[in-house]
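Quick note on labels: first sequence line is chain A, next is B, and so on, each numbered from 1. Since we're looking at a predicted model, the values are computed, not measured.
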Protein chains: 2
Amino acid sequence: MAPTSETLTAERILEATEEVLRRHGPAKATVVDVARALGVSHGSVYRHFRTKAALREAVTKRWLDRTSGKLARIAEASDRDPAARLRDWLTALFEAKRHKAGDDPELFATYTVLTDENGAVVGEHIAELTAQLTRIITEGAGSGTFAVPDPAVAARAVFQATGRFHDPCYAREWTRPGVGEEFTALVDLLVRGLS
Amino acid sequence: MAPTSETLTAERILEATEEVLRRHGPAKATVVDVARALGVSHGSVYRHFRTKAALREAVTKRWLDRTSGKLARIAEASDRDPAARLRDWLTALFEAKRHKAGDDPELFATYTVLTDENGAVVGEHIAELTAQLTRIITEGAGSGTFAVPDPAVAARAVFQATGRFHDPCYAREWTRPGVGEEFTALVDLLVRGLS
DNA sequence: CAGCTGACAAATATTGAAATCTGTCAGCTG
DNA sequence: CAGCTGACAGATTTCAATATTTGTCAGCTG
């Protein structure tokens, strides 16, 4: 591939790693492949990432951050009605996952492997998403839309309750007919419970 | 092992298979092992179960039926308050799973493998549990405890929402401190949503 | 001399030949 | 003769030899 003679940065290595993962899948993507894609020796890659695991972890974090970034915009729109915002946020999360899984199942499977091997990064991602939910619910509690004893606890409950519509281990259910209705029924139930 | 010279029945084969699975685990349990445990040739086992897969499926069904049997008693206690009954039922389901996973993790892992390879049987089991939930919610709707447009839809939503506390793919979370509180928070939220 | 290379040891993965297992069935046995 | 046996073919698994990959580092190069 284009051994662009720009200086070698962590950023460029991450880009190349994503490409190699896309091409070869998680099992056969080696750091030698990544080096070759960049036109450098694999020793150079180890200058920027201490281990292969650290490299894969960084790729995983990047991928997850792209999702939480999108959702943050909804969480931060403090002017809108909290109940509608909560629905939108949950819907956006579900849609994002559903598209990732449906549009390119192989790539999704690749990232599922990566998230499985990087529990810590996933934990942080979940903490970030729960914090966004907490923000929406706290504002709803302030404006009287929601009546909850502890917004953080409620946020965690909502996040866990909707697991079936965002946890990759349920990905195969997301294409079944009727999931949309199931999702709506659950969100309705949860919003009623918070109100 | 005891080659009890009683006549060979499907029942006895299932018993022996459970024992072999307990001893050797799902990967190394062969039908020759089962036959040996019974003191017969493996050909005899094939007289009662067409394939090894059918045998494992029957064992899986048996295991799942033991759980749904216990829960059915709670679902059928029509005299008690539906909200309390719903809480009890969900708690019993969680406790049953938590104990199975915690008391003998290896055996639980074995059955997790079995359920993974028998999607159809698991599907029926889930349908049965959802039917029990529907019964509780329908009675609650009749008595005015619950206000739901469609009890079956609500039941499915409740079952899916509590997945984190009964789906084996979350088993490793069940020993973390604080799960009890998370469970209670979610059930409170759901019961409020139904009321 | 900062950054890269490539030879190297140790760890991990692949391969293919040998061993085991599944499922069948002709024939034995009580 | 109903039910069981055990030899068998094909499918699957195991295991050890072989090849690849990871991670290090002394030294090259611009």
Side-chain angles (χ1 to χ4, degrees), chain A residues 1-60 106 109-110 112-114 116-118 120-121, chain B residues 1-60 106 109-110 113-114 116-118 121:
Chain A
M1 306 298 121
T4 0
S5 55
E6 253 176 292
T7 53
L8 191 59
T9 63
E11 188 61 23
R12 283 186 64 221
I13 293 173
L14 289 175
E15 221 109 82
T17 307
E18 284 190 355
E19 179 57 20
V20 168
L21 281 165
R22 206 171 282 124
R23 274 220 163 74
H24 302 323
K28 300 201 170 169
T30 73
V31 354
V32 173
D33 290 332
V34 173
R36 187 167 30 235
L38 288 161
V40 300
S41 82
H42 74 282
S44 302
V45 173
Y46 281 98
R47 180 160 295 281
H48 292 85
F49 295 93
R50 270 208 315 305
T51 63
K52 183 190 187 184
L55 175 57
R56 291 172 79 121
E57 183 179 283
V59 170
T60 308
E106 242 177 283
T110 291
T112 301
V113 171
L114 289 186
D116 280 349
E117 66 191 31
N118 290 300
V121 170
Chain B
M1 311 303 125
T4 1
S5 55
E6 252 175 293
T7 53
L8 190 59
T9 64
E11 188 61 22
R12 283 187 64 219
I13 293 173
L14 289 175
E15 221 110 81
T17 307
E18 285 190 356
E19 178 58 20
V20 169
L21 281 166
R22 206 170 283 124
R23 274 221 162 75
H24 301 315
K28 299 199 171 171
T30 73
V31 354
V32 173
D33 289 332
V34 173
R36 187 166 31 236
L38 289 161
V40 299
S41 82
H42 74 281
S44 302
V45 172
Y46 280 99
R47 180 161 295 280
H48 291 85
F49 295 92
R50 269 210 314 306
T51 64
K52 183 189 187 183
L55 175 56
R56 296 178 81 141
E57 183 179 284
V59 170
T60 307
E106 241 177 284
T110 292
V113 171
L114 289 186
D116 281 349
E117 66 190 34
N118 290 299
V121 171

Inter- and intrachain pairs under salt bridge (Lys or Arg N to Asp or Glu O under 4.0 Å), touching residues 46-56 of chain B, at least two apart:
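Output for this query lists B/R56-B/E117.
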Could you spell out the base pairing of DNA chain D as a dot-bracket line? Use Watson-Crick and G-U wobble contacts where both distances are under 3.5 Å, [ ] for crossing pairs, | for partners on a different strand.
||||||||||||||||||||||||||||||
From [X] atom [atom1] to [Y] atom [atom2], the distance as rounded to the nearest 0.5 Å:
| X | Y | atom1 | atom2 | value |
| --- | --- | --- | --- | --- |
| B/L55 | B/E57 | CG | CD | 10.0 Å |
| A/L38 | A/T17 | CG | OG1 | 7.0 Å |
| B/H48 | B/L14 | NE2 | CG | 10.0 Å |

For residues 51-60 of chain B, which residues have at least one heavy atom under 4.0 Å from DNA chain C?
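Contacting residues: B/T51, B/K52.
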Heavy-atom closest pair, residues B/A54 and B/T51
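Reported closest heavy-atom pair: N-OG1, 3.0 Å.
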Least distance between heavy atoms, A/N118 atom then A/A53 atom
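In terms of heavy atoms, the two residues are closest at OD1-O, 4.5 Å.
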Should [X] and [Y] count as side-chain neighbours, where that means a heavy-atom distance under 4.5 Å?
| X | Y | value |
| --- | --- | --- |
| A/T110 | A/R22 | no |
| A/F49 | A/V59 | no |
| B/L21 | B/L114 | yes |

Is the side chain of A/D33 donor-acceptor paired with the backbone N or O of A/A29 at a distance under 3.5 Å, no angle test?
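No, A/D33 side chain to A/A29 backbone: no donor-acceptor pair under 3.5 Å.
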Could I get the full list of salt bridge (charged side-chain N to carboxylate O under 4.0 Å, His left out) partners for A/E106, not counting sequence neighbours?
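Partners of A/E106 by the salt bridge (charged side-chain N to carboxylate O under 4.0 Å, His left out) criterion come out as none, since no residue qualifies.
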Quick check: on DNA chain D, is the nucleotide nearest A/D33 upstream (toward 5') of the one nearest A/R47, or the reverse? Name the residue that is more 5'.
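The residue whose closest nucleotide sits nearer the 5' end is A/D33.
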By nearest nucleotide on DNA chain C, pick out whichever of A/H48 and A/K28 is the more 5' one.
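That would be A/H48.
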Counting any heavy atom closer than 4.0 Å, what does B/V31 reach on the DNA or RNA strands: base, sugar-phosphate only, or nothing?
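Result for B/V31 = sugar-phosphate.
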Using a heavy-atom cut-off of under 4.0 Å over every strand shown, decide if A/T30 touches base, sugar-phosphate, or nothing.
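Sugar-phosphate contact only.
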Of all nucleotides in DNA chain D that come within under 4.0 Å of a heavy atom of chain B, which is furthest toward the 5' end and which toward the 3' end?
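On DNA chain D, the outermost contacted nucleotides are D/dG3 to D/dA7.
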Atom pairs, protein N/O to nucleotides 10-13 of chain C N/O, distance under 3.5 Å:
none

